[in-house]
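Down below is the structure, laid out as structure tokens.
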Amino acid sequence: QLRLVESGGGLVQTGGSLRLSCAVSGRTFSTSSMAWFRQAPGKERAFVAGIDWRGSATAYADAVKGRFTISRDNVKNTAYLQMDTLKPDDTAVYYCAADFTTPWLAVRNEYDYWGQGTQVTVSL
């Protein structure tokens, strides 16, 4: 059974850092493209960052460019989101997602598999 399990969320002050992890099991992780999304209260879920199956191509939302870094370890079957210089606007539930159909970053990846989410709260 395919599972995506996020961890690493929590409460941090403005300017702080957090590292989210997404452990994938039940399917060949190295053939998937991965992404992080977030959903703030009252807002729609939004793309944050994506990475191809080899970890050689990445994409970021403008709001996080230069502050967040997505990466993956295909031996550990885990994707990561390093979040630095956090701001209160980054407060949201963060979700990882996997696309096993298109391993590269496409104009429109179909992320069919999702984790349960992890809460990130950035205080003033």
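The residues of the chain are indexed from 1 along the displayed sequence.
Residues Tyr95 and Arg38 fail the side-chain proximity criterion, which asks for heavy atoms closer than 4.5 Å. Contact check for Trp53 versus Ser33: no side-chain heavy atoms found under the 4.5 Å cut-off. Counting heavy atoms from C-beta on, the side chains of Pro88 and Thr14 come closer than 4.5 Å. Annotation: side chain of Thr31 is in contact with side chain of Phe100 (closest heavy-atom distance under 4.5 Å). Arg19 is not listed as a side-chain neighbour of Met83, based on a closest heavy-atom distance of 4.5 Å or more.
The backbone N or O of Asp99 lies less than 3.5 Å from no partner atom in the side chain of Asp112, so there is not a single donor-acceptor pair. With Glu6 contributing its side chain and Gln116 its backbone, the two residues share a donor-acceptor pair below 3.5 Å.
Atom OG in Ser7 sits 15.0 Å away from atom OH in Tyr94 (nearest 0.5 Å). Atoms CZ and CG, from Phe29 and Leu2 in turn, are 11.0 Å apart once rounded to the nearest 0.5 Å. Atoms CZ and OG, from Arg54 and Ser30 in turn, are 12.0 Å apart once rounded to the nearest 0.5 Å. How far OG of Ser32 is from OH of Tyr111: 9.5 Å, rounded to the nearest 0.5 Å. To the nearest 0.5 Å, atoms CG (Asp52) and CG (Asn109) are separated by 10.0 Å.
Side-chain contact of Thr78 with Asp73: a donor-acceptor pair under 3.5 Å is absent, judged by distance alone.
Heavy atoms only, all atoms of each residue included: Leu4 and Met34 are closest at CD2-CE, 4.3 Å. Between Leu20 and Gly9, the shortest heavy-atom distance links the atoms CD2-N, 3.6 Å. Leu86 and Leu18 get closest at one heavy-atom pair: CD1-N, 3.8 Å. In terms of heavy atoms, Leu11 sits closest to Ser123 at CD1-CB, 4.2 Å.
Hydrophobic clustering (ILVMFWY, side-chain heavy atoms < 4.5 Å, transitive): Val93 and Phe47 are in one cluster. Neither Val24 nor Tyr80 shares a network with the other; the hydrophobic side chains, linked directly or stepwise wherever heavy atoms of I, L, V, M, F, W or Y lie under 4.5 Å apart, form separate groups for each. One hydrophobic cluster, built from ILVMFWY side chains closer than 4.5 Å, holds both Val48 and Tyr113.
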Determine, step by step, whether Ser17 and Gln82 satisfy the side-chain contact (heavy atoms from CB on, under 4.5 Å) criterion, reporting the C-alpha distance in whole Å, the side-chain angles of both residues, the deciding distance to 0.1 Å, and the verdict.
CA-CA 7 Å; Ser17 297; Gln82 177 67 42; 4.0 Å; yes

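Using the six-membered ring where Trp is involved, Trp114 and Phe37 have ring planes that are tilted, between 30° and 60° apart.
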Per-pair distances, 0.1 Å, donor-acceptor, side chain in residues 57-70, under 3.5 Å, sequence neighbours excluded:
| residue | atom | partner | partner atom | Å |
| --- | --- | --- | --- | --- |
| Tyr60 | OH | Ile70 | N | 2.9 |
| Asp62 | OD1 | Lys65 | NZ | 3.1 |
| Arg67 | NH1 | Thr85 | O | 2.9 |
| Arg67 | NH1 | Asp90 | OD2 | 2.8 |
| Arg67 | NH2 | Ala63 | O | 2.9 |
| Arg67 | NH2 | Asp90 | OD1 | 3.0 |
| Arg67 | NH2 | Asp90 | OD2 | 3.4 |

